[in-house]
A.B. asks: 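Before we start, here is the structure in question, set down as structure tokens.
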There are 2 protein chains.
Amino acid sequence: MTSRDRLGTSGREAPRRADVYDQCVTEQATRAVAAKRPLRRDAERNRRRILEGAAAAFAEQGLDVTTDEIARRAGVGIGTFYRRFPTKELLIDALFEDRIGKLAELAEECLRAEDPWLGLVAFLDQATARQVADRGLKELVFSTAHGRARIAADRDRIGPLFMALVERAQDAGALRPDVAGTDVALIQLMLTAVADFTRDVAPESWRRFLALVVDGLRTDRAAPSPLPQPALAPGQITQVMACDRPHGR
Amino acid sequence: MTSRDRLGTSGREAPRRADVYDQCVTEQATRAVAAKRPLRRDAERNRRRILEGAAAAFAEQGLDVTTDEIARRAGVGIGTFYRRFPTKELLIDALFEDRIGKLAELAEECLRAEDPWLGLVAFLDQATARQVADRGLKELVFSTAHGRARIAADRDRIGPLFMALVERAQDAGALRPDVAGTDVALIQLMLTAVADFTRDVAPESWRRFLALVVDGLRTDRAAPSPLPQPALAPGQITQVMACDRPHGR
DNA sequence: CCAGAAGCGGAGGGCATCTCTGCGGTTCGA
DNA sequence: TCGAACCGCAGAGATGCCCTCCGCTTCTGG
């Protein structure tokens with residue numbers, strides 16, 4: 001408390017955070033153009049390292065990785081970390097600012113696919129793949145806990161796209177009519193849950209369950225498409241359970 | 001360290017824990033018969049309260065609830081809690097000792113169902129329902145972190161039953177042939193993930209996705225069974241994301 | 001080449017959480 | 001009625017995490 005109060009006569013926290021936020025995020029966006037006062041070369045190199053290390057750490061372990069761990073992976077001291085990104089939240093913003101927007105773009109792309117059904121399936125496949133590859137992204141998609149303005153806006157943008165993907169496939173007669181746009185989101189949630197569980201022993205096995213669900217979604221009930229990926233062996237299941245991760249994560 | 005060493009000349013921890021374990025768990029099982037030295041009436045009443053409060057707490061919040069929370073719900077002091085159950089782990093054992101065994105029994109029952117396919121579907125439905133109703137049970141099923149001997153044994157018992165359920169439905173020609181026993185476990189994992197997410201706004205909506213998956217599992221591809229439960233509204237999704245729970249839990 | 005500004009790293013402060021204990025006072029039951 | 005058993009709670013002790021402080025190092029403009 002005391003040390004923080006000592007920082008400025010303003011005393012209040014929120015304004016200070018806002019200043020820092022502008023300084024940090026907008027600077028990042030405009031520095032290449034304005035070049036107001038470029039970072040010293042070593043500092044810039046460390047900033048890059050932190051960004052890279054954090055990206056890897058968030059992808060592998062989710063947004064809960066500690067700042068110490070990020071600094072360690074980046075090969076810098078914790079002090080250096082906090083000089084560049086005065087708050088962990090700021091770093092998350094800088095890193096993921098465009099990632100969710102990219103998911104929306106993917107949806108738009110799939111909306112333009114020639115075959116509406118294949119467009120929907122492609123979206124499910126690729127959107128899930130991205131979230132499986134990056135746990136941080138998944139957490140950002142499914143929780144508002146960390147998002148700031150920009151990220152929240154992208155989230156809002158994506159809901160209607162789900163609905164459009166669904167309706168288009170239904171109009172084409174390929175998708176069962178009782179599916180809703182929100183189901184698309186929850187299907188991704190289901191699949192990432194499997195992926196989180198099996199990641200260490202069979203990282204691709206979630207695709208097996210995507211195929212299963214997709215077969216449940218289509219109206220053309222001719223013949224089931226064969227399941228990709230081998231099923232897990234019983235031993236693999238116990239192996240996964242053995243490594244003590246926080247429950248359910 | 002010091003206070004614990006002071007407790008006994010034996011000094012070692014493990015033996016002491018084992019003693020307490022016997023005293024606590026086997027006493028519970030045999031007291032009604034042997035009645036060696038019954039608890040005082042108030043003590044017995046509190047023990048019951050703790051068991052009940054803990055059952056409710058574990059069911060709602062998972063095995064990570066704090067001992068303080070359990071004591072609070074039981075309406076007893078934390079000291080009383082620790083007199084009855086010297087370790088949180090012991091309480092978990094006492095409470096869940098038979099729960100996983102019951103899941104195995106359910107599987108055996110479904111194996112005896114007249115229609116193999118309906119037996120499999122019934123198992124998926126009911127086993128998932130139990131885990132949705134009790135988060136603690138789910139965590140115990142999918143992680144060895146908390147289990148002791150008895151619980152581990154029940155877990156081993158259940159794997160072959162999955163396989164039998166699957167083979168029997170396949171032999172009857174109702175289940176697609178490329179499904180494996182382990183898939184049954186992972187399907188439950190998927191569904192409980194949905195349930196964990198939607199629990200607060202639409203606790204039954206996981207059944208929608210069970211229906212979807214079941215339609216993907218069957219070989220009879222005549223017509224999809226209609227999805228039960230209304231789809232979530234877009235607003236419900238954002239509502240769930242808003243309440244800040246630990247990520248992914 | 002050098003002075004001093006900018007940056008570096010990591011020990012540790014502060015805080016929150018959680019499990020479990022010590023102990024003064026209370027309640028039960030023979 | 002008396003003593004053993006029991007109660008509850010304040011808090012010890014452990015851990016984990018975010019973030020700061022500050023002595024030392026590295027860069028860079030003149």
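Chain identifiers are assigned alphabetically (A, B, ...) following the order of the sequence lines, protein sequences preceding nucleic acid strands; residue numbering begins at 1 within each chain.
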A.B. asks: B:Lys138 side chain to B:Ala59 main-chain N or O, any donor-acceptor pair under 3.5 Å?
C.D. replies: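 Flag not set: sc B:Lys138 to bb B:Ala59 has no pair under 3.5 Å.
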A.B. asks: What is the distance, to the nearest angstrom, from the CZ atom on A:Arg83 to the P atom on C:dA5?
C.D. replies: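 So the CZ-P distance, A:Arg83 to C:dA5, works out to 16 Å.
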A.B. asks: Checking contacts here: which listed nucleotide (D:dC19, D:dG8, C:dG7) is nearest the side-chain heavy atoms of A:Arg84?
C.D. replies: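 Nucleotide nearest to A:Arg84's side chain: C:dG7.
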A.B. asks: Indicate, with a heavy-atom threshold strictly under 4.0 Å, whether A:Asn46 touches base, sugar-phosphate, or nothing.
C.D. replies: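 The answer is sugar-phosphate, as A:Asn46 gets under 4.0 Å only of primed atoms, P, OP1 or OP2.
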A.B. asks: Does A:Asp68 or A:Gly77 map to a spot on DNA chain C nearer the 5' end, using the closest nucleotide for each?
C.D. replies: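 Nearer the 5' end of the strand: A:Gly77.
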A.B. asks: Rounded to the Å, how far apart are A:Arg49 CZ and C:dG7 C1'?
C.D. replies: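 Taking atom C1' of C:dG7 as the reference, CZ of A:Arg49 is at 14 Å.
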A.B. asks: Specify the separation, in whole Å, of atom CG of A:Leu63 and atom C1' of D:dC18.
C.D. replies: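 So the CG-C1' distance, A:Leu63 to D:dC18, works out to 16 Å.
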A.B. asks: If you pin B:Ile78 and A:Val76 to their nearest nucleotides in DNA chain C, which one's is more 5'?
C.D. replies: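 Upstream on the strand: A:Val76.
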A.B. asks: Just the rounded figure in Å: distance from P of D:dC17 to CD of A:Glu89.
C.D. replies: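 Result: 16 Å.
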A.B. asks: Is the phosphate of C:dG7, meaning OP1 or OP2, less than 4.0 Å from a side-chain N or O of A:Thr80?
C.D. replies: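 A:Thr80 to C:dG7 OP1/OP2: no side-chain N or O under 4.0 Å.
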A.B. asks: Report the distance from atom CZ of B:Arg72 to atom P of C:dC18, rounded to the nearest whole Å.
C.D. replies: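 Computing the B:Arg72:CZ to C:dC18:P distance gives 13 Å.
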A.B. asks: Please state how far atom CZ in B:Phe81 lies from atom C1' in D:dG8, giving the value in whole angstrom units.
C.D. replies: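 Computing the B:Phe81:CZ to D:dG8:C1' distance gives 14 Å.
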A.B. asks: Mind checking A:Thr66 for me? I need base, sugar-phosphate or nothing, with any heavy atom below 4.0 Å counting as a touch.
C.D. replies: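 Contact class for A:Thr66: sugar-phosphate only.
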A.B. asks: Would you please test A:Glu97 and A:Lys102 for salt bridge (charged side-chain N to carboxylate O under 4.0 Å, His left out) and show each step?
C.D. replies: CA-CA 10 Å; A:Glu97 214 186 5; A:Lys102 287 266 173 62; over 6 Å; no
A.B. asks: In terms of side-chain geometry, is the basic nitrogen of A:Arg157 or A:Glu108 positioned less than 4.0 Å from the acidic oxygen of its partner?
C.D. replies: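 Looking at A:Glu108 together with A:Arg157, the answer is yes, because their closest N to O distance falls below 4.0 Å.
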A.B. asks: Once side-chain hydrogen bond (donor to acceptor under 3.5 Å, both in side chains) is applied, do any residues pair with A:Asp156, and if so which ones, sequence neighbours excluded?
C.D. replies: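 Partners of A:Asp156 under the side-chain hydrogen bond (donor to acceptor under 3.5 Å, both in side chains) test: none.
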A.B. asks: Can you give one letter per nucleotide of nucleotides 23-28 of chain D, going 5' to 3': B for a protein heavy atom under 4.0 Å from the base, S for sugar-phosphate only, - for none?
C.D. replies: ---BSS
A.B. asks: With sequence neighbours excluded, what pairs up with B:Asp68 under the salt bridge (charged side-chain N to carboxylate O under 4.0 Å, His left out) test?
C.D. replies: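 If we apply the salt bridge (charged side-chain N to carboxylate O under 4.0 Å, His left out) test to B:Asp68, skipping adjacent residues, there are no hits.
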A.B. asks: From OH of A:Tyr82 over to P of D:dC22, roughly how many Å is that when rounded to an integer?
C.D. replies: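 After rounding, the reported distance stands at 18 Å.
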A.B. asks: Can you say whether the rings of B:Phe142 and A:Phe197 are parallel (under 30°), tilted (30 to 60°) or perpendicular (over 60°)?
C.D. replies: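 Perpendicular.
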A.B. asks: Between atom CG in B:Asp64 and atom P in D:dG16, what is the gap in whole Å?
C.D. replies: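 Going from CG in B:Asp64 over to P in D:dG16 covers 14 Å.
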A.B. asks: Without swapping roles, check the side chain of B:Asp134 against the backbone of B:Leu137 for a donor-acceptor pair under 3.5 Å.
C.D. replies: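 Confirmed, B:Asp134 side chain pairs with B:Leu137 backbone.
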